Number of protein chains: 2
Amino acid sequence: MPKLDAAQRFKAELLNVSSKAALAELLVEACAAMGCSWFALTHHIDFLAGPEKGVRLHNYPEEWVRWFDEQGLGVNDPVHRASQRRAAGFLWHEMGTFSRPRRGDRAILARARHHGIYDGLTIPTHIPGEAHGSVSFAWSRGSSATPEALMFAQSLGAFVFEAARQLSGGGAANDPPRLTDRQIECLLWAARGKSDSVIAQIMNLRTDTVSEHLRNARSRYDARSRISLAIRALFDGTICFGDIAKG
Amino acid sequence: MPKLDAAQRFKAELLNVSSKAALAELLVEACAAMGCSWFALTHHIDFLAGPEKGVRLHNYPEEWVRWFDEQGLGVNDPVHRASQRRAAGFLWHEMGTFSRPRRGDRAILARARHHGIYDGLTIPTHIPGEAHGSVSFAWSRGSSATPEALMFAQSLGAFVFEAARQLSGGGAANDPPRLTDRQIECLLWAARGKSDSVIAQIMNLRTDTVSEHLRNARSRYDARSRISLAIRALFDGTICFGDIAKG
DNA sequence: CCCGCCATACCAAGAAAGGGGGGTATTTTA
DNA sequence: TAAAATACCCCCCTTTCTTGGTATGGCGGG
């Protein structure tokens, strides 16, 4: 297993990549260093735009990817789902300890094995309001993802992500709508399930004023319902679960 | 500089910490391994109101912290600001290359030096919609944060974050309600902002059936509104942002 | 200095949607 | 075989969303 200084050489090269091809090449090298067969990088910029806008790079077997795409999986498979709820990297075979399995998950994993993909690890990375993604490395039959590999991948993951971020146009791309203080306050109460009139009582305002704040917030997010508003604001970090739970 | 296997031992211990004191002790050890003087861990679940709700752990000089708090800094200092817009860890003295300095930043950094803090590095970590945080390590005069230390810290950062997350009650959820397939399907459309009648058209059902599914889902979550339902289901992982974005 | 822009707060009316309550009847599954 | 899950139906009230307004105070550019 590679040492820290190997990781550092990768890091230096990652920060200088100028094309997807170069990035892919580096990831192949990382695979070699860890003794695994495949890598997959997803970097998806905008909640609304879907994954087309980000970077998607991998060397998975074509048939597996075709099946995966045909099924309309994408962010629906257990690995991606788990990566949305974690800060730290994880081994696929330990996923069950922190992510609740869903019906159909086993079928997906079985299908992956059918294509030779037996085990793997994933490093999630998130930047609030900008991009979310992950880097995965996958092993074929006979070998499996080790804690050592996880450590190595963990030290690289964030830099892979930064490289992808640069390739897809950098951080300046999309800043989320800004809400005013009052709009956020109203939104938080709404996210707690309060009606406009109750919010008005709480905030000592007229009901119409509350409606007005939420209306303006919706229009800034181009959201037609308060539920879309809440979820988009949650996704981009304008509000967070802690804010909501607090009330 | 420590090797990857040292990082791994830290990781194993991090995942087992049961108190803030134990976590602090581990971070002191990490400092020793890197040759730095101070660590600072912020894990803010609530980032408008300040860090009271999350975990805040550090061994900075008391006077520095007192000044920092009195100034009402918090997320306003250059390091924290940079950490909100980065996925990868960074050295403080390289911050200028990716984060535009703000008026007052220099004064803050000068003040830190006045308290002995000359250089450092920070590893940001984020989980969309849940928590934002960072781990920093700081060096006193004469030494400085090196790329090697950054690599080491990067490999640990996410696990430190997960440890803090567990301590603040984020990770361990008591078993959440289970929704049926149809309930989840309806909920996802609702979370995308669709009305019951529209959902019914999409799913080829009567409007009442959709309302029924959502009513049952609400009752399982003991939620009075669909917005509470959606947010709680999001929080416990029954649905995730990716699911919602997909539609 | 005035002007526009924005945040804030308030008002009203009507159409659409959500939520609570009561039902019935199949099919699947444990 | 009993319990769920699924699908459908009704009524009634509340809430949300949309579309029109008015008015105040702050802040920066010309």
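In what follows, chains are A, B, ... by sequence order, proteins preceding strands, each numbered from 1. Because the structure is predicted, anything quoted here is derived from the model rather than measured.
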- Item | Salt bridge present between Arg215(A) and Glu212(A) (N-O < 4.0 angstrom) | yes
- Salt bridge check: are Arg66(B) and Glu63(B) linked by an N-O gap of less than 4.0 Å? no
- Task: Provide the closest heavy-atom pair for Ala145(B) versus Gly120(B) in the form atom of the first, atom of the second, distance.
- Result: CB-O, 3.4 Å
- What are the two closest non-hydrogen atoms of Arg192(B) and Ser228(A), and how far apart are they? O-OG, 3.5 Å
- Query: Glu212(A) side chain: which of dA7(D), dC9(D), dG21(D) is closest?
  - Reply: dG21(D)
- Message: Let's see if you can work this out: which of dC6(C), dT8(C), dA9(C) has an atom nearest to the side-chain heavy atoms of Asn216(A)?
- Response: dT8(C)
- Please check if the side chain of Arg182(B) supplies one atom and the backbone of His213(B) the other of a donor-acceptor pair under 3.5 Å. no
- Task: Taking Asp196(A) for its side chain and Thr207(A) for its backbone only, find out whether a donor-acceptor pair lies under 3.5 Å.
- Result: no
Spacing between [X] atom [atom1] and [N] atom [atom2], to the nearest angstrom:
X	N	atom1	atom2	value
His213(A)	dC11(C)	NE2	P	13 Å
Leu205(A)	dT8(C)	CG	P	10 Å
Arg178(B)	dA3(D)	CZ	P	21 Å
Leu179(A)	dC6(C)	CG	P	15 Å
Asp222(B)	dG20(C)	CG	P	10 Å
Asp208(A)	dA23(D)	CG	P	16 Å
Gln201(B)	dA17(C)	CD	C1'	14 Å
Arg182(B)	dT27(C)	CZ	P	16 Å

Are there any protein N/O atoms within less than 3.5 Å of an N/O atom in nucleotides 15-18 of chain D, and if so, which ones and at what distance?
residue, atom, partner, partner atom, Å
dT16(D), OP1, Arg226(A), NH1, 3.0
dT16(D), OP2, Asp196(A), N, 2.8
dC17(D), OP1, Arg226(A), N, 2.7
dC17(D), OP2, Arg218(A), NH1, 3.2
dC17(D), OP2, Arg226(A), NE, 3.4
dT18(D), OP2, Arg218(A), NE, 3.4
dT18(D), OP2, Arg218(A), NH2, 3.1

- Task: Answer with yes or no after comparing the ring centroid distance for His115(B) and Tyr60(B) against a 6.0 Å cut-off, counting only values under it.
- Result: no
- Query: Of His126(A), His43(A), His132(A), which meets ring-ring contact (aromatic ring centres under 6.0 Å, His included) against Phe161(A)?
  - Reply: His43(A)
- Check every strand shown and say whether Thr180(A) touches a base, only sugar-phosphate, or nothing at a heavy-atom separation below 4.0 Å. sugar-phosphate
- Item | Helix axis bend for the helix from dC1(C)-dG30(D) to dA30(C)-dT1(D) - C1'-based end axes, five pairs, 10° rounding | 60°
- Side chains of His80(A) and Thr42(A): donor-acceptor distance under 3.5 Å anywhere? yes
